[in-house]
Amino acid sequence: MTAVSQSGRALVAAELRRFGTFVLQELKPKGRVLTPFNVISGAIMLVAGVLLTIRFAKGLGAITNLSQDYPWGFWIGFDVITGVAFAGGAYVLTFMVYILGQEKYHPIVRVTVLNGFLAYVFYAGALLLDLGRPWNVINPIIGNSFGVSSVLFLVAWHFMLYMMAEFVEFSPAVAEWLGWRRVRRFLGGLTLGAVIFGITLSLLHQSGLGALYLMARDKVHPLWYSEFIPILFLVSSIFAGLSMVIFEGTITHKVFRHRVGAALHGSHDDIVVGLARIAAGTMFVYLFLQLLVFVHGQRWSYLGTGLGAWYLLEMVGLVALPAALFIQGYRSRDLRVIRTAAVLTLLGIVLNRLNVSVIGFKWYAPVRYIPSWMEIEVTLAVIAAELWVFRWVVNRMPVLGTAVGLVREEPSREARAGVLAA
Amino acid sequence: MDRRDLFKTMGAAAGTALVGGGLKAEEPSVSGVEPVGILVDTTKCIGCRSCEYACADAHKDAGVEVTDEVDFSAERVTDEKHWTVVNRYDTEKGTIYAKKQCMHCRQPACASACLTRAMHKTAEGPVVWTENRCMGCRFCMVSCPFDMPKFEYHSAVPRIQKCVMCAERLAEGKQPACVENCPAGALTFGPRSALLEQARQRIYAAPDAYVHQVYGEDEVGGTGWLYLASVPFAQLGFRTDLGTTPFPTYTREFLYAVPVVLTVVPPLLLALSRASRARAEAQTDAHDEEGNA
């Protein structure tokens with residue numbers, strides 16, 4: 001054994017030790033542990049832990065109100081179907097920045113991609129809680145039983161691939177955090193491919209979630225069922241995602257003020273105003289589509305019913321109104337109005353997805369499904385867990401106000417000049 | 001670098017196309033095998049529920065049970081422990097009994113909904129469920145127009161439960177248990193096409209005794225179970241608004257769009273990205289020159 005290899009090994013060992021200490025150090029919480037948020041969300045997660053133990057020991061019926069008439073309830077309707085629509089901001093923003101080259105929005109790409117990634121991991125991950133036989137979840141993946149005629153097969157594959165694509169899009173931030181420069185450059189080179197892949201996948205699975213209901217045509221209330229559900233889901237995911245970006249940005253900027261980079265600090269208001277305009281535009285497209293579907297489906301007769309009023313509340317109060325507010329907020333550069341519009345829009349999306357999947361589903365059934373408190377509790381725990389991970393990442397990695405890198409901007413001219421000067 | 005991007009995009013497109021390419025939206029019709037079915041003549045049913053007892057007896061291992069005392073006043077539905085139920089209907093022609101169970105569609109919504117092929121239609125005719133494939137997503141339940149697949153909500157290892165047309169007995173050359181045990185001769189087992197002819201024959205022979213329709217002949221593209229009745233089928237609790245289109249057709253158009261999107265969109269995005277990048281670079285260069293000057 002030569003001296004060279006020995007010293008090399010020692011170097012590697014030292015490097016590994018340094019890396020280990022760094023990661024261990026980073027794993028520790030930063031800041032006060034016993035904050036009201038931590039205590040409450042921690043308690044919610046503990047309770048959910050107990051509930052889920054019961055659920056896996058005794059079956060879904062032990063903690064959910066699901067029935068033979070309502071095989072899909074709040075966990076699917078809200079966690080998965082609504083959650084994925086909310087996560088649409090990632091594909092919309094990466095499209096605007098990497099495909100259309102709107103650099104103005106670059107500072108919020110990273111946090112949006114992180115949010116999208118975590119939303120898929122947690123909310124699509126919540127699907128596992130709802131599966132009766134989750135140990136078979138790999139069956140459609142490993143190929144012993146490809147149900148290729150199933151829309152759910154497509155959605156399942158796309159969820160998985162999209163999570164990977166989003167992780168690749170976000171991975172430069174991880175490499176920067178770990179100080180791995182070469183890896184960072186390699187990962188940065190994958191970004192455009194991942195973005196293109198991710199947008200394509202999103203187009204298909206955002207609409208695919210709507211296509212799940214194409215065979216439930218006689219079960220979904222006629223005000224919400226139409227052959228155009230996939231298109232409606234896709235278009236609404238655009239402004240759902242943008243509204244979530246606005247909403248989440250407002251909170252993030254308050255809570256993580258110390259982590260916000262200069263680039264984002266300066267342009268944040270401009271970005272929000274710009275997003276408001278785009279959201280409004282897509283909402284008008286959506287409203288027009290809904291109007292066509294309404295006329296085409298001859299839905300007039302349903303408007304007089306209770307669900308008709310409910311439908312009008314969704315379309316007028318929670319789509320048309322916030323669209324108008326977005327426009328007004330954009331014109332007057334009033335962030336308060338824009339945020340109000342974003343919240344209303346998000347409520348409208350929750351309502352729409354639940355109207356298709358739960359409220360309008362088997363509206364004729366004698367016994368209606370209402371989620372149990374335990375289903376809602378577990379959902380809150382999933383959200384809490386996601387927020388914990390989000391906070392952990394944002395407090396450590398360069399997320400806010402820094403850009404997800406492409407090869408073309410890395411290493412930059414300034415950086416090279418800096419190296420030369422040093 | 002441009003070429004690398006192109007390759008990456010093409011790789012991405014090919015990858016998605018491979019995993020997304022699900023064009024086959026229906027079960028194959030296997031040539032040479034005539035699918036079987038069961039004809040129910042509700043004018044003959046006496047409501048004795050022998051079929052329920054026979055079903056429970058034949059499927060004890062699957063957990064099927066039978067309820068001894070039955071109050072016919074409310075319409076009963078099948079559930080995870082009762083694969084078939086007999087209902088009593090008060091109609092314009094008096095009391096009529098009708099047995100309900102999975103209809104064993106020719107192109108089943110449940111099977112095309114199943115992403116693991118746990119639910120599938122056999123060439124012989126029965127729609128059956130394979131335990132070790134199912135992941136319990138219950139999309140079959142959402143999709144079935146007759147609401148027949150049922151789920152064991154109170155089990156840690158839940159199964160999807162429904163009538164399997166005694167596929168295991170058919171394999172042994174026997175008839176389904178309910179057919180064999182029907183004392184009234186209301187149930188007839190045989191090749192579906194033969195059953196259809198027999199059903200029409202009965203209508204022709206006694207045109208006043210039957211409505212001139214065989215429920216299941218065309219509904220949702222045809223079902224394995226066929227029904228004869230003396231009153232309109234809506235009076236016997238049958239859904240008459242399901243149409244004659246096979247349910248897998250409703251998702252086929254969407255699935256057809258998948259490979260198109262997967263192959264057309266990525267190159268389009270790449271082209272857009274390159275165009276906007278070229279424009280941005282031209283602008284930056286112009287800026288740089290101004291700055292240097």
Side-chain angles (χ1 to χ4, degrees), chain A residues 56-62 64 66-69 71-72 95 98-101 103 130-134 136-137 139-140 144-154 156-158 161 189-190 192-193 196-197 199-201 203-204 207-208 211-219 227 230 407-408, chain B residues 1 5 8-9 11-13 16 19-22 24-26 77 79-80 109 112-118 132-139 141-143 145 147 150-158 239 241-242 247-248 250-251 254-255 258 261-262 265-266 269-270 272-273 276-277 279-280:
Chain A
F56 280 107
K58 293 191 165 178
L60 276 164
T64 71
L66 295 173
S67 64
Q68 306 297 355
D69 265 339
W72 286 356
F95 176 72
Y98 292 111
I99 306 300
L100 297 184
E103 286 299 318
D130 194 76
L131 288 183
R133 310 165 64 85
N136 278 342
V137 72
N139 273 356
N144 65 342
S145 41
F146 273 181
V148 289
S149 62
S150 172
V151 176
L152 198 57
F153 178 77
L154 172 111
W157 263 95
H158 281 204
L161 292 174
L190 299 179
L192 183 61
I196 289 177
F197 191 46
I199 294 168
T200 313
L201 291 171
L203 292 179
L204 284 168
S207 52
L212 290 178
Y213 287 91
L214 288 177
M215 284 200 287
R217 58 202 329 267
D218 300 295
K219 299 178 188 174
E227 289 88 345
V407 152
R408 64 177 149 120
Chain B
M1 198 172 71
D5 283 345
K8 259 179 257 164
T9 312
T16 20
V19 299
K24 203 166 60 62
E26 62 205 71
V77 288
D79 59 37
E80 73 275 25
S112 83
C114 185
L115 73 168
T116 62
R117 300 182 70 78
N132 59 9
R133 285 183 176 175
C134 173
M135 56 194 233
C137 70
R138 309 189 292 289
F139 189 31
M141 301 169 71
V142 171
S143 304
D147 284 324
K150 309 288 170 170
F151 183 78
E152 294 180 323
Y153 283 104
H154 292 280
S155 162
V157 191
R239 280 198 87 149
D241 56 349
L242 296 174
F247 265 49
Y250 296 124
T251 51
F254 177 78
L255 290 171
V258 171
V261 170
L262 286 173
V265 170
L269 290 176
L270 181 69
L272 256 178
S273 160
S276 59
R277 192 192 304 178
R279 200 186 54 189

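All chains are named by letter (A, B, ...) in the order of the sequence lines, taking the proteins before the strands, and each is independently numbered beginning at 1. Bear in mind that the values here come from a model prediction, so they are computed numbers and not experimental data.
Contact annotation for B:Phe254: only side-chain heavy atoms (C-beta onward) come within less than 4.5 Å of a heavy atom of chain A. Only the backbone of B:Cys114 comes within contact range of chain A, judged by heavy atoms closer than 4.5 Å. The part of A:Ala62 that comes within reach of chain B is its backbone (N, CA, C, O), which places non-hydrogen atoms under 4.5 angstrom from that chain. Only the backbone of A:Ala57 comes within less than 4.5 Å of a heavy atom in chain B; its side chain stays farther off. For a residue to count as touching a neighbouring chain, one of its non-hydrogen atoms must lie under 4.5 Å from one of that chain's; by this rule B:Ser143 touches chain A with backbone and side chain alike. Only the backbone of A:Ser67 comes within less than 4.5 Å of a heavy atom in chain B; its side chain stays farther off.
The shortest distance between side-chain heavy atoms of A:Ile196 and A:Tyr98 does not fall below 4.5 Å. The shortest distance between side-chain heavy atoms of B:Met135 and A:Asn139 does not fall below 4.5 Å. With a 4.5 Å cut-off on side-chain heavy atoms, A:Leu66 and B:Arg138 count as touching. Inter-residue side-chain proximity for B:His154 and A:Lys58 is flagged as unmet; no heavy-atom pair is nearer than 4.5 Å.
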* Evaluate the criterion side-chain contact (heavy atoms from CB on, under 4.5 Å) for residue pair A:Gln68 and B:Val77; output intermediate values, then yes/no. => CA-CA 10 Å; A:Gln68 306 297 355; B:Val77 288; over 6 Å; no

* To do: Kindly determine whether A:Tyr213 and A:Lys219 satisfy side-chain contact (heavy atoms from CB on, under 4.5 Å), including the steps that lead there.
  => CA-CA 9 Å; A:Tyr213 287 91; A:Lys219 299 178 188 174; over 6 Å; no

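B:Tyr250 carries A:Arg217 over the face of its six-membered ring, with the cationic atom under 6.0 Å from the centre and within 45° of the normal.
For chain A, the option among B:Ser155, B:Ala118, B:Pro145 with the highest count of heavy-atom pairs below 4.5 Å is B:Ser155. No other option in A:Leu212, A:Asp69, A:Leu203, A:Thr64 has as many heavy-atom pairs under 4.5 Å with chain B as A:Leu212. Across A:Ala211, A:Pro230, A:Ala216, the residue that shares the most heavy-atom pairs under 4.5 angstrom with chain B is A:Ala211. With chain A as partner, the option from B:Lys150, B:Glu80, B:Glu152 having the largest number of non-hydrogen pairs under 4.5 angstrom is B:Lys150.
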